[in-house]
Amino acid sequence: MCGRYLMTSPKDAMIKTFGVRADAHIPPRYNIAPNQPVLIVRNAEGGRRELAAVEWGLVPEWKKERGDKPLINARMETVIEKPSFRSPMKRTRCLVPFDGWFEWKSLQGRKQPFLITPVGGGLQAFAGIWTTWHGPTGDHWLETMAILTGPTLGPMRSLHSRMPLVVKPGQYDAWLKPHDPLPRGFLESFDFMPETAFEWRMVSSRMNDVRSEGPECIEAPEQERQHSLF
DNA sequence: CCAGACGTTGTT
DNA sequence: GTCTGG
DNA sequence: CCAGACGTTGTT
DNA sequence: GTCTGG
């Protein structure tokens, strides 16, 4: 799946890769967690694309209360029919810029994080959906997003049985274009990035704590502690 | 008609 | 909001 | 996703 | 165990 990710590319790369405007500084994010504000790319007025800051964890528009369990992922097998996802899937899809994502394995009773990155590095985009939620009083609103996942089919299964859908650069326009209703075979018309396009390595478990927000999150793990006590 | 659900993952 | 179940 | 908290009263 | 916070 995908429950923590990396977005460290500078503003220039965002502009070049996604064709968006970006005036403000975009700080590198080494440890993006659910419920945090993140940048997405979406369609805007006048056929342009825009960068928008939304919260990771989709809150369906019909929810009375905000609720506690954030919908951070949506399964590609069911996203078209699920009540929480079907409307955003038709009309408000988005790209979620990233440079890598994290998975954990339990090794020797510890949660060992791994960083998965595109072979050769570089900025990529998860397939995402977003929506707007209006609070009960109507005086405030919140934009949120979820990342689509699919089955992991090859060697990456040693890390996790699910992985995020990564949109190929040539299909950004197709992913962002709204449809209502969604054409038959819409998802099948996409050729998402294969897992062979990614590689992974162990990183420091300091990134397990979301308060770690710097480059230490992608450093190699510390040397294994020696059995020095007896 | 009204009431109730509406999600994913991992773990058991 | 929209669907399912009763 | 993981980490961390999880409670009230009275006294200082 | 389960919820909250990040």
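For clarity, every value in this text was computed on a predicted model and none was experimentally measured. Protein chains get the first letters and strands the later ones, always in sequence-line order, with residue 1 at the start of each.
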- Task: Check the distance between dA3(D)'s C1' and N31(A)'s CG and give it to me in whole angstrom.
- Result: 12 Å
- Task: Look at R29(A) together with D99(A) and state whether they make a salt bridge at an N to O cut-off of under 4.0 Å.
- Result: no
- Take L148(A) and F192(A) through the side-chain contact (heavy atoms from CB on, under 4.5 Å) test and state the conclusion after the steps. CA-CA 11 Å; L148(A) 272 66; F192(A) 296 106; 5.9 Å; no
- From L115(A) atom CG to S204(A) atom OG, the distance as rounded to the nearest 0.5 Å: 12.0 Å
- Item | Contact nearer the 5' end of DNA chain B, comparing M1(A) with S84(A) | S84(A)
- Query: For atom P, what is the distance between dT11(B) and dT2(E), given to the nearest Å?
  - Reply: 16 Å
- Message: Classify F102(A) by what it touches in the nucleic acid, base, sugar-phosphate, or nothing, heavy-atom distance under 4.0 Å.
- Response: nothing
- Message: Between dT8(B) and dC1(D), how far apart are the two C1' atoms, rounded to whole Å?
- Response: 12 Å
- Watson-Crick or G-U wobble mate for dA3(D), both contacts under 3.5 Å: dT4(E)
- Query: Within the pair K82(A) and dG7(B), is there a side-chain N or O less than 4.0 Å away from OP1 or OP2?
  - Reply: yes
- Message: For a quick test of reading the model: is some side-chain N or O of T78(A) closer than 4.0 Å to OP1 or OP2 of dT8(B)?
- Response: yes
- Item | Rounded distance (Å) that lies between atom P of dC6(B) and atom CG of L58(A) | 16 Å
- Check every strand shown and say whether P60(A) touches a base, only sugar-phosphate, or nothing at a heavy-atom separation below 4.0 Å. nothing
- Find the distance W56(A):CH2 to dC2(D):P and express it as a whole number of Å. 11 Å
- In terms of side-chain heavy atoms of N208(A), which of dC6(B), dT9(B), dA3(D) is nearest? dA3(D)
- Message: So, does R4(A) get its side chain near the phosphate of dC2(D), meaning an N or O under 4.0 Å from OP1 or OP2?
- Response: no
- Message: With heavy-atom distances below 4.5 Å as the criterion, would you say the side chains of W62(A) and S84(A) are in contact?
- Response: yes
- Message: Closer than 3.5 angstrom, by distance alone: can the side chain of R201(A) be matched with the main-chain N or O of I218(A) as a donor-acceptor pair?
- Response: yes
- Query: If you measure from the ring centre of W104(A) to the centre of the six-membered ring in the base of dC2(D), is it under 5.5 Å, with the planes under 30° apart?
  - Reply: no
- Query: About how many Å separate CG of D209(A) and SG of C217(A), when rounded to the nearest 0.5 Å?
  - Reply: 9.0 Å
- Message: Could you work out, with side-chain hydrogen bond (donor to acceptor under 3.5 Å, both in side chains) as the rule, every residue matching R162(A), not counting sequence neighbours?
- Response: E77(A), T149(A)
- Task: Inspect the contact between E195(A) and R157(A) and indicate whether a charged nitrogen and a carboxylate oxygen are less than 4.0 angstrom apart.
- Result: no
- Note on the structure: The nucleotide from dC6(B), dT8(B), dC1(D) with an atom nearest the side chain of P34(A) is dC1(D)
- Message: Within the 4.0 Å heavy-atom criterion, would you say K63(A) contacts the bases, only the backbone, or no part of the nucleic acid?
- Response: nothing
Pairs under 3.5 angstrom, nitrogen or oxygen only, protein versus nucleotides 1-5 of chain E, please.
none

- Query: Among dC2(D), dG4(D), dT8(B), which nucleotide sits nearest the side chain of K111(A)?
  - Reply: dC2(D)
- Return the value, rounded to whole Å, for the distance between atom CZ of R157(A) and atom P of dT9(B). 12 Å
- Message: Say we look at dT9(B) and dC2(D): how far apart would their P atoms be, to the nearest angstrom?
- Response: 13 Å
- State which of dC6(B), dT9(B), dC2(D) makes the closest approach to the side chain of R75(A). dT9(B)
- Rounded distance in Å - CG (N73(A)) to P (dT8(B)): 9 Å
- Query: Are V41(A) and W175(A) co-members of a hydrophobic cluster defined by side-chain heavy atoms under 4.5 Å apart?
  - Reply: yes
- Query: Atom CD of E65(A) to atom P of dC6(B): distance rounded to whole Å?
  - Reply: 18 Å
- Query: Whole Å only: how far is the CG atom of L71(A) from the P atom of dC1(D)?
  - Reply: 13 Å
- Message: Students often get this wrong, so: under 4.0 angstrom with heavy atoms, is S87(A) touching a base, only sugar-phosphate, or nothing?
- Response: nothing
- Note on the structure: Separation of dG7(B) atom P from I129(A) atom CD1, nearest Å, is 11 Å
